[in-house]
Amino acid sequence: MSYTPSEIETKWQNIWDDEAAFEPSSDHTLPKKYILSMFPYPSGRIHMGHVRNYAIGDALARYYRKQGYNVLHPIGWDSFGMPAENAAIKHKLHPRTWTYENIDYMRKELSALGLSFSRTREFATSDELYTRWEQQFIIEMYEKGLLYRESTTVNWCESCHTVLANEQVEEGCCWRCDNPVEQKEMPGYYLDIVRYADELLDDLDTLEGKWPSQVLTMQRNWIGKSRGLAFDFVLSKQSRELLGGHFERYEVFTTRPDTIYGVTYSALAPEHPIVTYLIEHRLLPAKTAEKITAMVNMSERDRAQADKEGYPLGITVVHPLTGEEVPVWTANFVLASYGGGAVMAVPAHDERDFEFATQYDLPIRRVIDGGKELPFTTDGVLIDSGEFTGQKSAEARAAIIAHMEAKGLGKGTTNYKLRNWGVSRQRYWGAPLPFVHCPSCGLVPEKIENLPVALPEDVEITGEGNPLESHPTWKHCTCPSCGGEATRETDTMDTFVQSSWYQLRYTLNPAKWEQEGIDREDAAYWMNVDQYIGGIEHAILHLLYARFFTKVLRDLGYHDTDEPFERLLTQGMVLMDGAKMSKSKGNTVDPDALVQKYGADTARLFTLFAAPPQKELEWNESGVEGAFRFLKKLYDRAEKVTERTLPTIDQGALDEASKYARAKVYEALQRSRDVYEKTFAFNTLIAACMEAINALDKQEDDAVWSEGMYIILHLLEPIVPHIASELSERLFDRINLSGSIPVLNEVFVQDSVTLAVTINGKRRTEITLPADADKETILATAKEAGAKWLEGMAIIKEIVVPGKLVNLVVKPS
RNA sequence: GCGGACGUGGUGGAAUUGGUAGACACGCCAGACUUAGGAUCUGGUGCCGCAAGGUGUGAAGGUUCAAGUCCUUUCGUCCGUACCA
């Protein structure tokens, strides 16, 4: 019989379905493992990145199941989002239809890979039941003050009549209609993630060694915590008068209070209220006002790339320590959203301040000794700094903060780069924000018993404006509080909200889906995710939001875990000809076609064999054939098996080739634990199995063959489950597919050993000796074998590394 | 700029605590079986050299009996980030 993957694979997929083989047990006394690969967006078809992601997760899930763990290995669909609306515009399909048809199709594609997912726990985030609980959480967050509504500046496309994410702005223009994007003040909903900044930062330490350090670093930088001094610049008397008494002072933040005596000017963001006031009251030259307005209207991205630009505002502030008057400028490099939108400028010790000061001929005053050239931005000893002169930067920072605090001039403060998460979108295909605008009560959350606030089905998606806004009836409702006429919120939630808590939803027994969002007991048992697997592209957004939601839901009393993902594996991209596979480049491989041609096992084997999971995977058709060839060989060698169980073998009676083969088999077995539990270097485990088969091929003992196949099928089942199950059923009644197999140390005991002989560290020859040879014998043999290189030399040192080598250190005698 | 990761044959990649570099696979070469083969099997394959031997993990130093592995410097590639005061 020859290897026909299609038959075998269909057969086993049906058996697993019938057996409900991958449903987790509700017995919470069992040891558990929660293995999660990031769920897919139902874009239409699966791609090789999915195959890789799920092959890794499935191997781990199957491994732990075999070890006797109760394994939760769920799948679902991250099914809200813009592509559904774009498809709706293009194909005149309802986003829901398009989405759920895609899900049905992709579910079949994933099934064909033989992935061991729980079927009963599958859900889509666009299911109304999922939305219902999400809306409840959001309302509870609102009630705790974690969610708030606020008006801020956003990217706005007038022709599409919608807000755009920064990512949707291409060179200042709308990604879809190419109209210039405007900055517009608009209300939106924000989650106060900054309130959790410290915990999100500190808990990264607990993930050290379990998450890739790169991801930890990226999150740390993203949170961007910095400590320093916040203090007020008080406007001079004339400046206050100029500003009509509307402003008296403004706050600035610095991480370098030690340089405060070097301040020679102060700069405000162009959006700063003082600047706005000056423009609105025509207190600046018309041309200057125009230029500043242009800076304000520039998108964040463009501004970041622009050259330094600024204008004097004709006002001054008083230096809090020297009493000197300092000129105030507005400058495009000052960010409105950080540290109050104003800075003290110390050109001598800050690169940006220096560049700006040089450009506009502002004074530069050195207050830190050190370095030859300015700007000198490292720590040093203070000079010309009043009573702090002579102190080192570090102590001066503390002293100046203490001094300012004592005098009521300022205080030590912490700032974050992290900004609150804007979660509202002017989109149809998302979870509605469950709020109502009441003319008398203001913003009111919907009543819990009325949830979910579901999307209307009868909408027309045109791509212009929010269909919820233009729907004739949907937004009209009664106020949950006073019962009067009111309007429903038409913004929907960012899709990242759904993916922030799905890992908790999976833990809930499906029998309780209707009654609960998250179950404390179920979550306590399953959380946290033992191994999370996904692409590095989610290093910040998704992984930060999911961590945040986990903590928030913990504080709302839904569960008790601090971190959602115990260990994280970031898989590399799948490449073809050195470039990421993409439709536009035309360098894709269709997983369906691959499975049809070679079978799912070959697809899985190749993706795990060609590279370690963390690295990029270069697609290679002949490599795929190599994987297929190995499976054919494996299938073929099943004929060699004569015993139906793990045989007992008399090691002493075997010939060298059989002993060698046994050693190779057990080496693979020994290696497997590390691979599945620690390194995920499936490529090395597969290589070890190939070596074992090659070694078995070179010997003829039936029992050794039986033992070898028994163990190799056991090892490979998580990777190539169909062929392994098929052969295992035929040969061993599947008994080798559960439990673990002990490593027999006797197989590693060798009668003779081969040692390398090196002279001065250079390998010259090798010697073979009985395994129990003593050091003298070894040295004598080595000297004899290396006589040629020892002529005329005096041996000054002899090193024997047992089982490895002999090194003789010599010099001319 | 800053932060991180990585440089090993023609290719993907192996190599516990420093201990025979190149496992395994692809490709290539030769042979066998074949009408034929892009099927299968056997053998070979880092580089230079007929060989003996030499040489070899981006480069240059260093530590060590011994370095792909540790240290210093340097070059290169990839990824992330972008005026955060």
Side-chain angles (χ1 to χ4, degrees), chain A residues 212-218 220-222 224-226 228-229 252-256 259 266-267 300-301 303-308 331-335 337-346 349-353 355-356 377 415-419 536-537 539-540 572-573 575 578 605-606 609-612 614-627 629-630 632-633 636 664 667 671 674 681 683-694 697 754-766 788 795-810:
Chain A
S213 60
Q214 189 193 4
V215 175
L216 296 176
T217 309
M218 282 166 75
R220 286 191 182 106
N221 292 342
W222 192 262
K225 181 177 182 170
S226 53
L229 168 72
V252 296
F253 174 74
T254 179
T255 54
R256 292 294 305 272
T259 65
S266 169
E300 246 181 76
R301 181 172 300 190
R303 208 199 287 186
Q305 281 161 1
D307 289 334
K308 297 240 177 333
N332 64 343
F333 69 87
V334 181
L335 302 176
S337 54
Y338 186 83
V343 295
M344 68 172 208
V346 184
H349 304 293
D350 181 277
E351 280 179 32
R352 292 154 309 186
D353 297 347
E355 193 188 331
F356 192 80
T377 58
N415 253 316
Y416 302 90
K417 287 190 201 179
L418 184 69
R419 295 184 205 170
I536 185 84
E537 66 273 20
I540 295 171
M573 285 191 300
L575 308 180
L605 181 67
F606 175 74
F609 179 59
Q614 300 87 339
K615 280 193 72 167
E616 290 177 336
L617 169 66
E618 176 71 35
W619 195 259
N620 176 335
E621 184 70 22
S622 24
V624 177
E625 297 212 4
R629 210 173 296 153
F630 172 71
K632 276 196 285 190
K633 191 172 180 178
D636 179 59
K664 282 290 172 194
E667 259 173 42
R671 165 162 239 151
D674 240 26
N683 53 329
T684 63
L685 177 62
I686 295 164
C689 289
M690 288 173 169
E691 278 186 72
I693 291 280
N694 291 345
D697 253 338
T754 300
L755 302 179
V757 178
T758 63
I759 291 162
N760 286 347
K762 267 191 183 160
R763 185 177 177 280
R764 290 301 182 184
T765 183
E766 59 182 37
K788 184 172 159 189
I795 296 175
I796 53 178
K797 197 162 186 181
E798 297 164 341
I799 291 139
V800 177
V801 182
K804 297 277 184 187
L805 55 76
V806 179
N807 190 25
L808 302 172
V809 185
V810 301

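Chain letters run A, B, ... following the sequence lines, proteins first, then strands; residues in each count from 1. Bear in mind that the values here come from a model prediction, so they are computed numbers and not experimental data.
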Q: Could you work out the separation of B:U57 and B:G46 based on their C1' atoms and round it to a whole Å?
A: 11 Å

Q: Using Watson-Crick or G-U wobble geometry with both distances below 3.5 Å, tell me the partner of B:U81, or none.
A: B:G1

Q. With sugar-phosphate meaning primed atoms plus P, OP1 and OP2, does A:K615 contact a base, only sugar-phosphate, or nothing at under 4.0 Å between heavy atoms?
A. sugar-phosphate

(Q) Just to be sure I understand the rule, does A:E766 reach a base, reach only the sugar-phosphate, or reach nothing, if contact means heavy atoms closer than 4.0 Å? (A) base

Q.
What's the closest nucleotide to the side chain of A:E691 if the choices are B:U40, B:G3, B:C24?
A. B:C24

Q: Could you check A:G761 against A:G803 and say which one's nearest nucleotide on RNA chain B is further toward the 5' end?
A: A:G803

Q. Between A:K632 and B:U40, does any side-chain N or O lie under 4.0 Å from OP1 or OP2?
A. yes

Q. Which value, in whole Å, describes the distance between the P atoms of nucleotides B:U74 and B:G9?
A. 24 Å

Q: Ignoring hydrogens and angles, state whether a donor on the side chain of A:N683 or A:K615 is under 3.5 Å from an acceptor on the partner side chain.
A: no

Q | Sugar-phosphate, base or nothing in reach of A:K225, heavy atoms under 4.0 Å | A | nothing

Q: Please state the C1' separation for the pair B:G76 and B:A32 - nearest whole angstrom.
A: 47 Å

Q. What's the base orientation of B:G9: syn (chi within 90° of 0) or anti?
A. syn

Q.
Taking the minimum atom-to-atom distance to the side chain of A:Q214, which one of B:C24, B:A14, B:C79 wins?
A. B:C79

Q. With a non-hydrogen cut-off below 4.0 angstrom, is A:N620 in contact with a base, only sugar-phosphate, or nothing?
A. sugar-phosphate

Q | C1'-based separation of B:A14 from B:C33 [nearest Å] | A | 34 Å

Q.
Measuring only the P atom in each nucleotide, how far is B:A25 from B:U42? A whole number of Å is fine.
A. 11 Å

Q. Distance-only, no hydrogens or angles: does the A:T765 side chain make a donor-acceptor pair with backbone N or O of A:A756 under 3.5 Å?
A. no

Q.
Are A:N760 and A:K762 packed together at the side-chain level, in the sense that at least one heavy-atom pair is separated by less than 4.5 angstrom?
A. no

**Q.** Shortest side-chain distance from A:V343, nucleotide among B:C24, B:G4, B:A85
**A.** B:A85

Q: Determine the interatomic distance between C1' on B:C78 and the same-named atom on B:G58; round to the nearest Å.
A: 15 Å

Q | A:T217, nearest nucleotide to its side chain (from B:G13, B:A85, B:G3) | A | B:G3

(Q) Nearest heavy atom decides the nucleotide; on that basis, is A:N415 or A:A610 closer to the 5' end of RNA chain B? (A) A:A610

Q: Rounded to whole angstrom, note down the C1' distance from B:G10 over to B:C47.
A: 12 Å

Q.
So A:E616, base contact, sugar-phosphate only, or nothing? Heavy-atom distance under 4.0 Å.
A. sugar-phosphate

Q: Side chain of A:M218 only, please: which of B:A85, B:C26, B:G80 is the nearest?
A: B:G80

(Q) Does B:A15 have OP1 or OP2 under 4.0 Å away from a side-chain N or O of A:R671? (A) yes

Q: Would you mind reading off the distance between A:D350 atom CG and B:C84 atom C1', rounded to a whole angstrom?
A: 11 Å

Q. Can you tell which of B:A5, B:C26, B:A85 lies closest to the side chain of A:R629?
A. B:C26

Q: Measure from the side chain of A:M690, starting at C-beta and using heavy atoms only, and say which of B:G3, B:U40, B:A25 lies closest.
A: B:A25

**Q.** Sugar-phosphate only, base, or nothing, as touched by A:R220 at under 4.0 Å among non-hydrogen atoms
**A.** nothing

Q.
Whether the A:S337 and A:R419 side chains hold a donor-acceptor pair (N or O, under 3.5 Å, no angle test) is what I'd like checked.
A. yes

Q: Take the protein atom CZ of A:F609 and the nucleotide atom P of B:A23, then report the distance between them rounded to whole Å.
A: 12 Å

Q: Round to the nearest Å and state the distance from A:Y338 atom OH to B:U81 atom P.
A: 19 Å

Q: Give the nucleotide from the list B:C65, B:C24, B:A14 with an atom nearest to the side chain of A:A687.
A: B:C24

Q) How far does the C1' atom of B:U81 sit from the matching atom of B:C26, given to the nearest Å? A) 37 Å

Q) Hey, does A:Y416 have a side-chain heavy atom less than 4.5 Å from the side chain of A:S226? A) no

Q: Determine the contact category for A:V801: base if any of its heavy atoms lies under 4.0 Å from a base atom, sugar-phosphate if only primed atoms, P, OP1 or OP2 are that close, otherwise nothing.
A: base

Q) Which part of the nucleic acid does A:K664 contact within heavy-atom distance under 4.0 Å: base, sugar-phosphate only, or nothing? A) nothing

Q. Contact class for A:P612 vs. all strands (heavy atom < 4.0 Å): base, sugar-phosphate, or nothing?
A. sugar-phosphate

Q: Remember a base hit wins even if backbone is also touched, and classify A:G626 as base, sugar-phosphate or nothing at under 4.0 Å, heavy atoms.
A: sugar-phosphate

(Q) Please determine whether a side-chain nitrogen or oxygen atom of A:N760 lies at a distance below 4.0 Å from atom OP1 or OP2 of B:C65. (A) no

Q | Non-hydrogen side-chain atoms of A:L755 and A:E766 separated by less than 4.5 Å | A | no

Q: Take the protein atom CG of A:L418 and the nucleotide atom P of B:A82, then report the distance between them rounded to whole Å.
A: 13 Å

(Q) I need the CG-C1' distance between A:L808 and B:U20, as an integer number of Å. (A) 14 Å

**Q.** Nearest-0.5 Å distance, CD1 of residue A:I799 to NZ of residue A:K804
**A.** 16.0 Å

Q) Going by atom types alone, do A:N807 and A:T758 pair a side-chain donor with an acceptor below 3.5 Å? A) yes

Q: Under 4.0 Å between any heavy atoms, over every strand shown, what does A:S226 touch: base, sugar-phosphate, or nothing? Just pick one.
A: sugar-phosphate

(Q) Side chain of A:K417 only, heavy atoms from C-beta on: which candidate in B:C84, B:G19, B:C83 is closest? (A) B:C84

Q | Distance under 6.0 Å and angle within 45° of ring axis: A:K308 vs A:F333 | A | yes

Q: Round to a whole Å and report the spacing from CZ of A:R763 to C1' of B:G22.
A: 13 Å

Q) Rounded to whole angstroms, how far apart are CD1 on A:I693 and P on B:A25? A) 11 Å

Q.
Could you identify the nucleotide paired to B:C41, looking across every strand shown and requiring Watson-Crick or G-U wobble geometry with both distances under 3.5 Å?
A. B:G31

Q: Please report, rounded to the nearest Å, how far the C1' atom of B:U11 is from the CD atom of A:E625.
A: 16 Å

Q: Please tell me which of the listed nucleotides, B:A85, B:U40, B:U20, lies nearest to the side chain of A:T254?
A: B:A85

Q: Just call it for A:V252: base, sugar-phosphate, or nothing, with non-hydrogen atoms closer than 4.0 Å on any strand.
A: nothing

Q.
So A:N694, base contact, sugar-phosphate only, or nothing? Heavy-atom distance under 4.0 Å.
A. sugar-phosphate

